[in-house]
J.: 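Let me begin by handing over the structure; questions about it come next.
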2 protein chains.
Amino acid sequence: MTELKKAHRRPRSDGQRNHELLIETAKAAFHAGEIDIPFDEIARRASVGIGTLYRHFPNRDALIEAVYRSELEKLANSATQLAETRPPVEALREWMLLFIDYIAAKQVIAPALNALVSGTSALYAASGEIITTAINALVARAVENGDIRSNIEPLDLLRALVGVSNVAAAPGWEASAKRLVDILIAGMRAV
Amino acid sequence: MTELKKAHRRPRSDGQRNHELLIETAKAAFHAGEIDIPFDEIARRASVGIGTLYRHFPNRDALIEAVYRSELEKLANSATQLAETRPPVEALREWMLLFIDYIAAKQVIAPALNALVSGTSALYAASGEIITTAINALVARAVENGDIRSNIEPLDLLRALVGVSNVAAAPGWEASAKRLVDILIAGMRAV
DNA sequence: TATATATGCGGAGCTATCCTCCGTTTAACA
DNA sequence: TGTTAAACGGAGGATAGCTCCGCATATATA
């Protein structure tokens, strides 16, 4: 009597709890500067088994993405905001500066942006897309308006910024990055 | 009769041999695309003990620097060449393009440039300095000539390029990077 | 050539991290 | 309350980094 009752069960509550618990635990650790925290240690702090952690997040990148997905979405949303309230080039410029602020505020987000911008980890596809879409829109708008040249690869702008911000060591990196924004903007202007 | 004869002995010939042998072995592996080759494996291929490898190079970065030091020096030298034969801005631009060519030709050099440009590894101090000096000179020359603005942090230009080149995955990165050079040059021009 | 010793060699083995596998437990549903 | 799919948990295999120290040998000296 093998019934075909493949009816889906509601996800187990403990599973959902642990999922969130792990994200919170990882976020806390990251914000405390423990970027290289062993995966095992995260499980220990969340009081779950290692197996559980790995079931929820197949690798470190997946966990980082989960932790910062909401942050990245916020960043993407502000692009829409800026596009509605500012002239095209200004919007683009402000957003790039905002991008830097994000890195500055939470250095931890850097690996996320790195992976996102390098596109190597397929896992970042989702979050990566919203950021890519955001800057594409900003650049397209500025191009249509005749403000900047059309042979720009939008993502390259972010790549350049991430490249500079990788230098977390150097104290003045933030100022450097902001100067770079202006150089890029000036360099992109339509002749 | 403890003589104070602290006379220095000539370095042992086998030591020098192994030093070079290890560099050659590593270079061969890197050029074969085996970037993540285990340290132990390098020792094995060179037919020396692991202890020997670690005595000569305290870590992976040190070995990479040794392998690419001569390449980096060549790159630095070409800056002098360009400075002597080209107008300031052209020299700077050409050198930046050359910089990209280097990354393109040997992707392996990327980690070296990365570490160099981020300045985190003290071990890159030596090689890093010659590159830094090279671009500083090129930029200074262009500034003196009144061609570009003076508030440029030369190293940031390289950082931006390295940032873009980190995207080895994307097929069109080289073209991207070269476009970026022109954007940067245009953006730096004195108004 | 013989001796002394500084210098370098080699690799067992300790540590740390990642990740898998599978027996046990538990929440959802009837 | 019983059945079962879903989730748990952690032992342990695999791999890489690195250290330590007894042994070997090249160099300098007699």
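Residue numbers start from 1 in every chain, and the chains themselves are labelled A, B, ... in the order their sequence lines are given, proteins ahead of strands.
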J.: Pick base, sugar-phosphate or nothing for B:Y54, based on heavy-atom distances below 4.0 Å to the nucleic acid.
T.: base
J.: For residues 38-45 of chain B, which side-chain N or O atoms pair as donor and acceptor with protein atoms under 3.5 Å away, sequence neighbours left out?
T.:
residue, atom, partner, partner atom, Å
B:E41, OE1, B:R44, NH1, 2.6
B:E41, OE2, B:R45, NE, 3.0
B:R45, NH1, B:E34, OE1, 3.0
B:R45, NH2, B:E34, OE2, 2.9

J.: How long is the line joining CG of A:N59 and P of C:dT17, in whole Å?
T.: 17 Å
J.: Just how far, in rounded Å, is C1' of C:dC18 from CD1 of A:I37?
T.: 15 Å
J.: Send over the distance from B:L53 CG to D:dA16 P, rounded to a whole Å.
T.: 14 Å
J.: Mind calculating the distance between CZ (B:R60) and P (D:dA16) to the nearest angstrom?
T.: 10 Å
J.: Figure out the CZ/C1' separation between A:F57 and C:dT17, and round it to whole Å.
T.: 19 Å
J.: Suppose the criterion is salt bridge (Lys or Arg N to Asp or Glu O under 4.0 Å): which pairs have a residue in residues 18-27 of chain B, not counting sequence neighbours?
T.: none
J.: Without decimals, in angstroms, what is the distance between A:E41 CD and C:dA16 P?
T.: 12 Å
J.: Take atom CG of B:L63 and atom P of D:dG17, then tell me their distance rounded to the nearest Å.
T.: 12 Å
J.: Please table the atom pairs, donor to acceptor, closer than 3.5 Å between any side-chain atom in residues 46-53 of chain B and protein atoms at least two apart or in another chain.
T.:
none

J.: Mind calculating the distance between CG (B:D36) and P (D:dA16) to the nearest angstrom?
T.: 10 Å
J.: Could you give all pairs that pass the side chain to side chain donor-acceptor pair (under 3.5 Å) test and reach residues 137-146 of chain B, with sequence neighbours left out?
T.: B:N145-B:D147
J.: Would you confirm whether B:R179, through its side chain, and A:N151, through its main-chain N or O, come within 3.5 Å as a donor-acceptor pair?
T.: yes
J.: Within the 4.0 Å limit for protein heavy atoms, which parts of nucleotides 3-9 of chain D are touched? Write it as a string from 5' to 3', B for base, S for sugar-phosphate only, - for none.
T.: -BBBSBB
J.: Which residue pairs satisfy the salt bridge (Lys or Arg N to Asp or Glu O under 4.0 Å) criterion with at least one member in residues 84-98 of chain A, sequence neighbours excluded?
T.: A:R86-A:E94, A:R93-A:D182
